[in-house]
Each structure stands twice: as structure tokens, then as C-alpha cells.
Amino acid sequence: MIPKIQKHNIPLLAASFVVCCSLLALFLFPVHSGKTCWTGYRVLIVTPANREAEIVSRLDKAGITDYASEANSQLANSSPEAPIQPYLSRLNDERSRWFSDAEHDTRFVYLKNLPFLDARIEKAFTGSDLAYYLEKNSGTLFAQALALILLLSVGLFTRSNRAYQFFCAIPSFMLSIFFCQITGFLASVALLWGMLELAGSIDTRSLRLNSRQLWNILTRKRMYALFFLVALVFGALSGFHGFFLVILAILASAALPVPVSKAVEIYRKVRNRKRLHPRFEPLAISGGSILSANVTGLKYALPLAALLTAGLGIPLLVLRSPSHKTDESRVLYIPAPSRYTRHAGFGVDGYSELMALRSKQSLPDLGDFVAARWIIRTAPWRRIQDPVLAPEAESTAEYISYQMDEAGIITGKKRIMDTFNTGFIKKSLVVDSTRLEKMLLKQKRFVTVELTRLN
């Protein structure tokens, strides 16, 4: 028999649902600090270069499975009519420069930037004699969350309703961890400051308030809601993603008092069971006069603590440390973006512009990939004597279709098999992409690639 949900439990369930969904979304969609060479990815550099199998095995065991390596980025021949493609072998040899540098005996693996990636890499290579270096980005840090402890501690000391302050601070701490940028940290400081002021502005003095009385008190303290607006402004400075995370944190903070109130109520009931007589809990007739006062002499303690917290947290974000186990004095070079096309997206105009941007030092890029797909597609209908050339925009692949008429005469007619246009490029990128192409697609436009010194 399914029990009925009582009406007074509906707000509790709704608030708990909002809290859980908001905090889960903060965890699943983090914003990282700093910039890496490749948007959404970080380069792992390992020495020596000839141990790729061991490297990927260690990554897999550590739960790192979304990466581009030489083994999972080889181009395959998809044409059964032309099983021998010397051009493809040469291109794969060129693509190997993406993954190893023979001169410096280094191996490159491109890891999707996930939360706690630094810790995962350290776990993966624990006990190994491999030397490794993970490109700086910091991923998700906890250091700036430690700075928030100062602000929370001052709030707990100078304001009332400590249980509400403590639990309503959780979204602010999570925001600082998963919105791992200076703007995200400042948004978390503003949000935590506002929640401490709101929670601490109500001193119930052991009186029980109903929801209407509580609302009347909070409306008199609505100026503290400006802190939420400040947090939203900081979030918006990092774009829609940061703005969205701040909204989630505000929703979680606003909804948390409901389950916290229920927890406090249950605690009181359990506590009263151990008493011979129930504890007297007076009810407030009007909650309008129940407004807390600051601890004497500490009126400005919370604002000063907020400023000090911001002053401590920002350097912690700037002075971040990556995972590494190698000689930092060593000069490292990695495949990095050189020049981006003006055309956004992956159309034929961007492809044509890319061809003009390349230099002699350029590594195979996304343009080479779609060109390879075209060459493989047209190989069965191309004469062996014809040179293998990269296609130009709007190139067509033609073949002759032979038909015999009623008189027994066979005639041939040219037909267009395919056209190298935006449609062909996008289809190739969706259907045949390797892990390397998936990384390049994250860059949102065509880009040339060259070996660049890692700063």
C-alpha cells in the first residue's frame, strides 16, 4: 500500500528536490579556472614516449577514460572497394606528431578537463617510474573554499540561528569549488555573506514562528537580498555558464531552510523524549519585533571578514599548483593552436580559409581529416595515375553510369556521386570522427596546429 503524502510535507519534498538537483548540477557542470591550450582539454606529457600502452592502462584504472591518444585516434579506411590507401598510411604517420616528440622523448595524451583531474592523475601514476606533467589549469580546487571558513566562523560567532547559517552555507562552499574562477569565488563570498545576514537577522529567542511570521521578518530585511544580485553579477562576468551556476547556488540556499527546519523539529522531538516533562516552547504572537542585534562591539566584524576572505581566496586561485613529477626546468613543447579561422563553425568557407592559414610547420588538423574522408570516399572512382590532392570547396566526385538501350547500344552518362561542401564536412565530422577530432570540434572553428613551447 502506497502511503499518502500529507499536504504539509509537499513544501518539504519540493524544497529537498530543489536542493538536491541544484547541488548535483553544480557538481556535474563545473567551471574551471585558467585557460588551457585546447578548450575543454588538458595535455598530459609523459616520459619516455615508448610506453603509451602503460600510460593509457593507468589512466583507465584511475577512471580517466575520455582522452585522445595515438591508439584511439588513428584514421581507418572505410572504403571496402579500395582496401589499399597509401595516402592514409602517410597521413597517420604525420598525425603521430600529435602524440609523441622523438627529439624530447615525450608522449602526449589529451585529457578531457574533468573535476578533480589533478588528483586522479596523481593516483594513476602513483608507484610508476614514468615522469609526467599535467598542463596547468587547476581543475577544481578546495583551497578557496578554506578561505570561506573564516567568513562562516565570524558569522557563527556574531549572528544567531547557527544551525541555519551552517547548513545554508553549503551551496556557497560548493559554488566556490565548482565555479573555480575568481568571479566564481567572489560570487560565493557575496552569497555566503547574504545568507549569514539573513539567517542571523532573526533571533527567535526560543520562540516558534509560523511561515507567515517568518516571511514578514524576512521582508523587513530584504536589503540583504542585494547580496544575491551581486553574486549574479559576478557570475555573469564569466558568461552564461557561471551565471547559471550562481542561480543554482541561490536556489539551493533559499530552499535549504525548509529541510533544516524539519531536521531541527525532529531533533527537538527526540530531545524531549528523554525529558520527564516536555520543554516549554512559547509561540510568537507577532514575529515583527523579533529582530536580532549584532554582538556588542562587533557590528562590522562580518563585513570585514568578507573583505578579508576575498583577499585570501583570490591569491589562492592565482597561485595554484598543477600535478607534476618531472624536471620543471626542462623545456617542453606541445601541439597547440596557432591560428584560428575567422569563420566560426565547420563549413566549407572555414575549410577554405584554413588552407590559406597553414605553414610548413603545421601539423595535420581538422581540414586534413575531412580531406582524408573525401579522398577515401572517392578512391574507388579515381584513376591510380591521378595525384592525391586535397579537395577544394564545391569539388565534385563524378562517375560514369553505363546503360544499354533496346537496340543493344551501351552508352555512358556522367553522374555526380558527391560534392565537397558544408554538408559533406559536417557529415564526416559526425560519423567518422576519432577522439582527436572530437577535441578539435570543441574549439568551435577550424584551427592550425604547431608545436609550441609550454609556458
Side-chain angles (χ1 to χ4, degrees), residues 32-49 52 55-56 59 64 66-75 91-114 117-118 121 131-139 320-324 326-346 350-351 353-371 429 433-455:
H32 301 295
S33 64
K35 290 184 178 180
T36 55
C37 288
W38 299 102
T39 301
Y41 285 77
R42 298 169 69 183
V43 184
L44 174 66
I45 307 165
V46 186
T47 302
E52 184 190 44
I55 295 169
V56 298
L59 293 176
I64 304 172
D66 202 341
Y67 55 81
S69 66
E70 185 170 9
N72 64 22
S73 298
Q74 291 285 300
L75 296 182
L91 180 56
N92 275 327
D93 289 340
E94 282 292 307
R95 281 167 66 94
S96 67
R97 295 167 58 199
W98 270 91
F99 304 101
S100 63
D101 181 358
E103 182 181 352
H104 299 94
D105 193 25
T106 52
R107 168 73 52 181
F108 309 122
V109 183
Y110 304 88
L111 311 178
K112 188 172 183 181
N113 201 357
L114 300 172
L117 186 58
D118 292 83
I121 290 297
Y132 65 90
Y133 183 94
L134 183 60
E135 183 186 8
K136 293 181 181 180
N137 171 252
S138 85
R320 57 192 181 273
S321 298
S323 294
H324 64 275
T326 187
D327 181 7
E328 289 200 50
S329 64
R330 182 178 180 183
V331 177
L332 298 174
Y333 288 84
I334 64 172
S338 176
R339 284 173 286 183
Y340 290 87
T341 60
R342 290 180 293 103
H343 292 88
F346 302 99
Y351 170 84
E353 184 183 353
L354 178 70
M355 297 297 104
L357 291 177
R358 289 174 175 169
S359 67
K360 294 181 178 180
Q361 292 77 32
S362 294
L363 273 64
D365 51 43
L366 209 53
D368 291 288
F369 171 78
V370 295
L429 293 173
S433 292
T434 71
R435 293 288 184 90
L436 179 60
E437 277 65 50
K438 292 183 187 302
M439 183 185 78
L440 291 172
L441 287 171
K442 289 290 185 180
Q443 314 313 306
K444 306 300 183 183
R445 63 185 66 212
F446 287 107
V447 56
T448 62
V449 186
E450 294 181 6
L451 280 175
T452 305
R453 181 172 178 172
L454 182 64
N455 295 323

Donor-acceptor check, side chain of [X] to backbone of [Y], threshold 3.5 angstrom: yes or no?
X: R107; Y: E52; result: no
X: N113; Y: G40; result: no
X: R95; Y: S73; result: yes
X: N92; Y: L75; result: yes
X: E353; Y: R342; result: yes

For a 4.5 angstrom cut-off between non-hydrogen side-chain atoms, does [X] reach [Y]?
X: E437; Y: L366; value: yes
X: I64; Y: I121; value: yes
X: L91; Y: P364; value: yes
X: T106; Y: S100; value: no

Of all the heavy-atom pairs spanning [X] and [Y], show the shortest one and how long it is.
X: P48; Y: D105; value: CB-OD2, 3.4 Å
X: M439; Y: Q443; value: O-NE2, 2.8 Å
X: L441; Y: S433; value: CD1-OG, 4.1 Å
X: E70; Y: S96; value: OE2-CB, 3.1 Å

Could you walk me through whether R42 and L117 pass side-chain contact (heavy atoms from CB on, under 4.5 Å), step by step? CA-CA 9 Å; R42 298 169 69 183; L117 186 58; 3.9 Å; yes

Fill in: Note: R339-D365 ion pair, threshold 4.0 Å (strictly below)
no

List the steps, then state whether side-chain contact (heavy atoms from CB on, under 4.5 Å) holds for V46 with V109.
-> CA-CA 8 Å; V46 186; V109 183; 5.5 Å; no

* Check step by step if side-chain contact (heavy atoms from CB on, under 4.5 Å) holds for I45 and F108. => CA-CA 5 Å; I45 307 165; F108 309 122; 4.0 Å; yes

*Output all residues satisfying salt bridge (charged side-chain N to carboxylate O under 4.0 Å, His left out) with D368, sequence neighbours left out; order by chain, then residue number.*
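Expected list: R358.
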
Handout entry: For R435, salt bridge (charged side-chain N to carboxylate O under 4.0 Å, His left out) partners two or more places apart
Key =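 With neighbours one apart ignored, the set is empty.
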
side-chain contact (heavy atoms from CB on, under 4.5 Å) between V449 and W98, intermediate numbers included | CA-CA 9 Å; V449 186; W98 270 91; 3.5 Å; yes

- Message: Applying side chain to side chain donor-acceptor pair (under 3.5 Å), can you list everything that pairs with Y67, at least two apart in sequence or on another chain?
- Response: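 Only D60 meet the side chain to side chain donor-acceptor pair (under 3.5 Å) criterion with Y67.
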
